[in-house]
Amino acid sequence: MLVSYNWLKKYVDLGEITPEELADKITKSGIEVESVDFFAEKSTNVVVGYVASCEKHPDADKLNLCQVDVGEETLQIICGAPNVRQGQKVAVAKPGAKLPGGMKIKKVKLRGVESNGMICSLQELGVDEKYIPTDIATGIFVFPEDTPVGESVIPYLNLDDAILELDILANRADAMSMLGVAYEVGAILGKDIHFPDESVTVEETMAEEHISVEVDAPDLNPYYGAFVIKDVEIKASPLWMRNALIAAGIRPINNVVDITNYVLLEYGQPLHAFDYDRFNSDKIVVRRADAGEKIITLDEQERTLDEEMLVITNGKEATAIAGVMGGANTEVIDETKNVLLEAAYFDGGSIRKTVKATGLRSESSSRYEKGIDPNRVKKAGMRACHLLQKYANGKVLSGVVKFDKLDRSEKSVEVNVGKINGRLGTEISAEEIAKILHRLKFNFEQSNDTFTVTVPTRRGDISIFEDMLEEVARIYGYDQLPYTLPAGSNQAGGLTVRQTLKRKVKQYMENVGLMETLTYSLTNEANVQRLVSPEIQALQPVPVSLHMPMSEDHKYLRLSILPEMLRSLSYNTARNQSDLAYYELGAVFVSDEEKLTKQPSEQLRLVSALTGKWVEHPWQQEMKEVDFYVVKGILEGLFHFLELPVSFNRGKVDGMHPGRTATLAIDGKTVGFVGQLHPSLAKELDLKETYVFDVNIDAVFAAFEDIPQYSDIPKYPSVSRDIAFILDQEVLSGDVKQVIEEVGSPLVKHVQIFDVYQGENVEEGKKSIAYRLLYQDPNKTLKDEEVEASYKHIVEMVNSKFNAYVRS
Amino acid sequence: MKEQLEAIRSEALDKIVQVEDIKVLQEIRVTYLGKKGSLTSVLKGMGKLSKEERPVIGEIANKVRDAITTALNEKIQKLEEAALEKQLNQETIDVTLPGRPVNVGGAHLLTSIVEEIEDLFIGMGYEVREGPEVETDYYNFEALNLPQNHPARDMQDTFYITNELLLRTHTSPVQARTMLEYKGEKPFKMICPGKVYRRDTDDATHSHQFRQIEGLYVDENVRMSDLKGTLDKFAKKMFGEDRNIRLRPSFFPFTEPSVEMDISCKVCHGEGCNVCKGTGWIEILGGGMVHPKVLEMAGYDPKVYSGFAFGMGTERIAMLKYGVSDIRAFYTNDVRFLKQFHQA
C-alpha cells in the first residue's frame with residue numbers, strides 16, 4: 001500500500017513530524033514501512049505560466065516561439081514540445097531556476113532567437129517515470145484552466161510529497177485504505193481523525209425506479225447496494241485527485257473511474273461504475289457463474305468462468321466478475337451519460353478462489369480477499385456520489401437499491417489489567433490501558449480492572465483477548481517491555497542419543513579429511529534413478545514427485561544424495577578444483593506407492609564422494625590418488641570408531657564399476673555400498689576416477705550400543721603366527737579371513753593381512769596372501785602346543801576349502 | 001710387586017691416552033682388568049707375601065685398578081660424546097621444508113551455525129527435536145491456525161505432492177508434533193532445526209530449499225518479556241555483546257501477539273548507515289506468544305498454559321554473521337567456499 005504523506009494530512013494532523021519519522025513510528029507500532037520515497041527532487045523558481053501566444057520559430061520547424069505570462073512579467077520562451085499550444089497553463093522554469101538533476105536555467109539564444117526560460121514536462125520536474133500517466137508521458141504538462149498564474153507549481157503537482165510504502169500483512173486489511181492508515185497514525189500520535197464529506201443533495205426521482213437488485217448467492221454476497229447517477233459529464237478529474245491517484249500508483253482515466261478508485265483508496269471499499277445505458281437492463285442479478293460462461297473483462301481479455309465464481313449480470317449475461325474486474329461491454333466511456341454505481345460486500349474466500357483460478361488480481365480483489373469493513377460499504381457509495389455530484393455534475397437519484405443480509409454487529413472482548421500484565425511481563429496501569437483504547441478509538445466499558453471493549457468492524461482481525469493484548473502492547477510500545485528469562489520449567493536440555501551420534505559421525509568424517517556439503521533434496525528424472533542403494537532398490541521404490549514442480553531440475557525427491565553431490569564435484573572440477581573429498585548426512589525419501597497416500601519413509605544416509613589426490617607430498621615423492629581402499633578405509637575406520645562389526649561383500653549397483661563395488665552389511669543385512677563410479681557415468685559427468693559410498697546411517701545407529709560395557713584388559717601375553725597361502729586368483733581374501741576367524745575362535749583374537757603378492761615365484765592364476773594371527777587366552781598363558789594345534793587346524797581347513805596350500 | 005703394579009698402571013694409562021676407539025678400549029679393559037688380565041695375574045701372587053705386606057700391596061693394587069677403570073670410563077664417555085655429536089651433526093635437517101600434509105575436513109557453514117544455536121539453547125534448558133520433511137497439510141498448516149483458504153497461506157508458497165502431502169514450508173509442524181506428544185500435560189522448551197522448502201525462484205536472496213530453526217517454550221505464566229529476554233541473550237551470544245535487539249509488531253497466524261526482531265547494525269549500532277540502509281537495524285527473526293488456538297489444537301489448555309515461539313532462517317543468520325552475499329553459495333558446494341569456513 002502506497003501512502004501519500006500529503007494525502008494523509010487531510011485526515012490526521014501530522015504537525016511537524018517528517019515522513020521519515022512517521023515511517024519509523026508506524027514500523028515500530030505494527031506495520032512495516034518498507035520505503036519512503038520522495039515524489040520529486042527539489043526544484044526552485046518553477047511557476048505556473050499562461051501561454052499568451054505560440055508561433056513557429058522563424059528558423060526551426062520543430063521549435064515554437066512562445067510568449068508566456070508568469071504573473072509579474074511575460075517571458076519569451078522557445079519550446080520544442082509537440083503539444084505546446086496558445087492558451088495553455090504550463091510549468092515554467094524561470095531564468096535562475098534549479099531543476100532536479102542539477103540543471104540551471106539561463107537566458108540563451110536558440111537559432112538566433114532569445115529564450116528566457118523553459119516550459120517543463122513532469123520528467124524534467126523530477127517525477128519518476130513510473131508515476132507519470134501514459135497519456136501525458138510525452139511533452140509538457142498542461143494544468144487545468146483555473147490554475148493561478150505566477151504561483152509555484154510545487155503544490156499543484158504534489159512535488160513536495162513523500163510516499164510511504166506499507167507492507168500490509170494478512171491481518172491488517174484495515175490499513176489498506178487512507179482512512180485505515182489515518183486511524184493507525186491517529187492512535188500512534190494520539191490525534192483525532194477528520195472524516196471525508198459524504199453529503200449529497202439527491203434528486204426527487206428514486207433510484208429504484210431505474211434498477212432492481214436480486215442476489216442469488218447471499219452466502220457470497222450478503223450486501224449489494226446500487227446507486228444511480230444521471231447526466232454525468234465525463235472529463236478529467238480535478239488535479240488534486242489525479243495527483244492523489246498518481247501518488248498511490250494508480251493511473252488517472254476520467255472523473256467517474258477516478259472517483260471510484262479514489263474512494264477505494266480512501267475507504268478501502270471497492271466500487272464499480274457501470275454505464276447504465278450500456279448495462280441495458282433495469283435489473284441487477286448476482287449469481288454463481290455457469291460452468292464455461294464467458295466474459296470479456298476491462299482488459300479486453302476473454303475469461304472463462306466456473307460455478308465457484310460470482311458474477312454480476314443484467315439478468316441475461318455477465319457484466320462483471322464480482323469483486324475482481326468489470327466487463328468491457330458495460331465500462332464507463334467518454335460517451336457515458338448515466339452511471340450505475342455498485343457498492344457491495346463479497347465473501348473474501350470466494351474472491352480468493354476466483355483470483356487463484358483466473359490469475360486476475362486487482363486493487364478491488366486484494367481488499368475483498370483480506371476482508372472489508374461491513375459498516376463502510378454504503379458510506380463509500382455515498383462518498384462517491386458526493387464526488388460525482390461535485391466533479392462530474394451528476395444528478396444523484398434518491399435512495400440505495402439494495403440487497404442486505406449483512407452482519408454489521410461489533411464483537412466485544414474482555415481484557416483484564418492483571419491478565420495483560422501477566423502475559424506481557426509489564427506493569428501497565430488501568431489508566432494507561434484506558435488511554436491506549438481511546439487512542440485506538442475503541443469504545444469500552446470499564447469496571448475496576450476489567451475493560452469490555454467493543455471492537456469496531458473495521459478491525460476484523462480482533463476477536464479474542466490475545467488480539468487485544470497485541471493492540472495494547474504495540475501502542476504501549478514493544479520497546480518498553482522488560483527483558484526477563486523464563487521462571488518455570490526445570491527441564492534438562494540436551495541432545496538425544498541419535499543426535500549425539502550424528503554429531504560424532506560428522507566429527508569423524510571431518511577429522512579424516514572430508515568436507516561436508518549441502519545439496520538439494522529435489523532432483524531431476526535422470527538423477528532420481530541413479531546410484532540407488534541395493535537395499536532401497538529392493539523395496540521397488542517409486543520416486544516421489546511434486547504436483548507442480550517449478551522446474552524439471554527440481555521435480556523429484558531424491559532416493560540418493562550421490563547424484564547431486566556428483567553434480568557439485570563436476571562443478572568444482574570444471575573450475576580446476578580437482579582434489580575433492582566430500583560427505584553429506586541427509587534424508588532420502590522412500591515410498592513404494594504408485595500414488596502417494598502417506599508420508600514416504602525418510603532415511604538418513606551418510607554418503608561420500610572422492611576424486612583426485614588423497615596424499616600429496618611432492619618433495620618426498622609421496623603421492624596417492626584416491627582408490628577403492630582409501631574410501632573403504634574411511635568406512636572401516638567409522639565402524640571401528642563405533643565398535644560395530646561390518647562386512648563387505650562383492651556387489652553390483654547400477655552406475656558403479658562392476659568389479660570395484662562392495663555392499664556393506666551389518667548382521668547380514670545390507671546397509672549400503674562403496675566403490676568406484678562406473679567409468680562411463682564418470683565420463684558423462686566429466687569426472688575422473690571417482691569413488692563413493694552411501695550408507696543407511698539409521699540402520700547403523702540401530703545396531704549401536706549406547707553405553708559400552710567394560711571388559712578386562714588381558715593380563716597374559718599374546719602370541720603371533722604368520723601364514724602365507726597360495727590361493728586361486730578369484731578367491732577373496734575376506735572369505736579366507738573369515739574361515740581363519742571361525743576356525744581359530746576363541747583363541748585367535750585378530751587376523752591381519754600383511755602381504756598380497758602375485759608374480760615371480762607364484763604360478764600363473766594364483767596369488768599369495770599372508771595373514772598374521774594374534775592368539776590370546778584371557779585366563780592363562782598360552783602353551784606352544786595349543787597354538788600349534790590351532791594353527792594346523794586352520795591350515796587344513798583353508799587348504800581344503802579354497803584349494804590352497806601354504807607358501808614355504 | 002709394588003714395582004710391577006706401578007709398571008702396569010703407567011703402561012695402561014699410556015695406552016688409554018693414545019687409543020681413540022671404544023672397541024680397543026674395551027680390549028684394554030680385558031687385557032689389564034679381565035679374569036686373565038695382567039693385574040689379576042699379579043694379584044694371584046699375593047699369597048706368597050707376608051701378613052704385613054699383604055694389606056699394603058692390596059691397597060696399592062686397588063688404587064691401580066681404580067685408576068685404570070676411571071681412565072677407561074672417562075675416555076669411553078669422551079669418545080661416546082664425540083661420536084654422538086658427530087651423529088647429531090650428520091642428522092641435521094632442513095626444518096623449513098614442508099611437512100607431510102594432513103587432510104583437513106570440515107563442517108558446512110550452515111551445520112556449524114545450527115550446532116552453535118543448538119548448543120546455545122541447550123545451555124538454557126532446551127531439547128532438540130526433529131520431524132519429517134514431507135509433512136501433512138494438517139501439521140504444516142491446520143494445526144498452526146492456518147486453515148484452508150487462509151490469506152496468510154500466501155505468505156508461504158508451498159510445494160504440494162498431493163492435496164494432503166507437501167514439503168514442509170517451515171519447521172513449525174515439529175512444534176505441533178511435540179506438543180501432541182506431551183499430551184498437554186508437561187511444560188517444555190525445545191528447538192527444532194531442519195530443512196524447509198518454498199516455491200521461490202533461486203536467486204541471490206531466495207532459495208527453494210533452506211534451513212530454519214524454531215524454538216518453543218510452553219509453561220504456565222510464560223510472558224512476552226521472557227521472549228524478549230531470551231532473544232536478547234541469543235542475539236548477544238550469536239552476534240556479540242555490544243548488539244541490541246528491537247521487537248516490532250508483526251503477524252503470524254500461529255502467534256498472537258507476533259513480533260519481528262531486529263538487531264542493531266554492527267557498523268553503526270543503530271544510528272543508521274549504508275550497511276543497514278539507514279535504518280540502524282537488521283531484521284533477523286520472527287516470533288510471538290503462541291496463539292491459543294494452536295495450544296488448544298495440540299491439547300494444551302490455553303487458560304492454564306501460555307508459550308512463546310520464534311523462528312529464524314539459518315542462511316540469513318549465516319549471511320549476516322559471516323558476510324555471505326549470495327544464498328546460492330550454500331548449495332553450490334564450491335570447495336573454495338567450503339574451505340573458508342571449515343573452522344567455523
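Each chain gets a letter, A, B and so on, in the order its sequence line appears, and its residues count up from 1. Please read these numbers as outputs of a predicted model, since none were measured by experiment.
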Separation between [atom1] of [X] and [atom2] of [Y], rounded to the nearest 0.5 Å:
X: A/Leu518; Y: B/Leu109; atom1: CG; atom2: CG; answer: 10.0 Å
X: A/Met515; Y: B/Asn333; atom1: CE; atom2: CG; answer: 11.0 Å
X: A/Leu169; Y: B/Phe251; atom1: CG; atom2: CZ; answer: 7.5 Å
X: A/Leu546; Y: B/Leu165; atom1: CG; atom2: CG; answer: 11.5 Å

Closest heavy-atom contact between [X] and [Y]?
X: A/Gln599; Y: B/Val134; result: NE2-O, 2.7 Å
X: A/Ala587; Y: B/Glu133; result: CB-OE2, 4.0 Å
X: A/Gly586; Y: B/Lys195; result: CA-NZ, 4.2 Å
X: A/Val615; Y: B/Arg100; result: CG1-NH2, 3.6 Å
X: B/Tyr217; Y: A/Ala487; result: OH-N, 4.5 Å
X: A/Gly422; Y: B/Arg223; result: O-CG, 3.1 Å

So, does [X] use its side chain to make a donor-acceptor pair with the main chain of [Y] at under 3.5 Å?
X: A/Glu466; Y: B/Glu256; result: no
X: B/Thr162; Y: A/Leu596; result: no
X: A/Gln577; Y: B/Arg336; result: no
X: A/Trp619; Y: B/Leu97; result: no
X: A/Glu510; Y: B/Gly105; result: no
X: A/His617; Y: B/Gly99; result: yes
X: A/Glu516; Y: B/His108; result: yes
X: B/Lys228; Y: A/Tyr478; result: yes
X: B/Arg199; Y: A/Met548; result: yes

Using the ring centroid of each side chain, check whether B/His208 and A/Tyr520 are separated by less than 6.0 Å.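 When the ring centroids of B/His208 and A/Tyr520 are compared, they turn out to be within the sub-6.0 Å range.
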Less than 4.5 Å to any heavy atom of chain B: does that hold for the side chain of [X], its backbone, both, or neither?
X: A/Arg498; value: side chain
X: A/Asn421; value: neither
X: A/Ile464; value: side chain
X: A/Thr519; value: both
X: A/Thr27; value: both
X: A/Ser29; value: backbone
X: A/Leu424; value: both
X: A/Tyr582; value: side chain
X: A/Glu602; value: side chain
X: A/Asp467; value: both
X: A/Glu616; value: backbone
X: A/Thr426; value: neither

Can you tell me which portion of [X] sits under 4.5 Å from chain A's heavy atoms? Options are side chain, backbone, both or neither.
X: B/Gln148; result: neither
X: B/Glu135; result: both
X: B/Ser207; result: side chain
X: B/Arg129; result: backbone
X: B/Asn221; result: neither
X: B/Leu110; result: side chain
X: B/Pro98; result: both
X: B/Ile161; result: both
X: B/Asn244; result: neither

Side-chain donor-acceptor pair under 3.5 Å between A/Tyr483 and B/Ser225, yes or no?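 No pair is found: no donor N or O on one side chain lies under 3.5 Å from an acceptor on the other.
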May I ask you to say whether [X] pairs ionically with [Y], meaning some side-chain N is under 4.0 Å from a carboxylate O?
X: A/Lys502; Y: B/Glu130; result: yes
X: A/Lys28; Y: B/Asp262; result: no
X: B/Glu164; Y: A/Lys598; result: no

Working for side-chain contact (heavy atoms from CB on, under 4.5 Å), residues B/Thr332 and A/Ser568: CA-CA 6 Å; B/Thr332 313; A/Ser568 293; over 6 Å; no
Among A/Gly371, A/Gly348, A/Pro482, who wins on heavy-atom pairs under 4.5 Å with chain B?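 If we count pairs closer than 4.5 Å to chain B, A/Pro482 comes out on top.
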Best-contacting candidate, A/His547, A/Arg575, A/Gln507, A/Arg474, against chain B by heavy atom pairs under 4.5 angstrom: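 Among A/His547, A/Arg575, A/Gln507, A/Arg474, the one with the most close pairs to chain B is A/His547.
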Among B/Met289, B/Arg246, B/Glu220, B/Glu115, single out the residue with the greatest number of heavy-atom pairs under 4.5 Å to chain A.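 Of the candidates given, the most pairs with chain A belong to B/Glu115.
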Show, in sequence, the C-alpha distance, side-chain angles and deciding distance for A/Arg503 and B/Glu118, and conclude whether the salt bridge (Lys or Arg N to Asp or Glu O under 4.0 Å) test is met. CA-CA 12 Å; A/Arg503 284 202 185 183; B/Glu118 280 176 357; 2.6 Å; yes
Check step by step if side-chain contact (heavy atoms from CB on, under 4.5 Å) holds for A/Arg423 and B/Met224. CA-CA 6 Å; A/Arg423 191 60 64 81; B/Met224 200 162 154; 6.0 Å; no
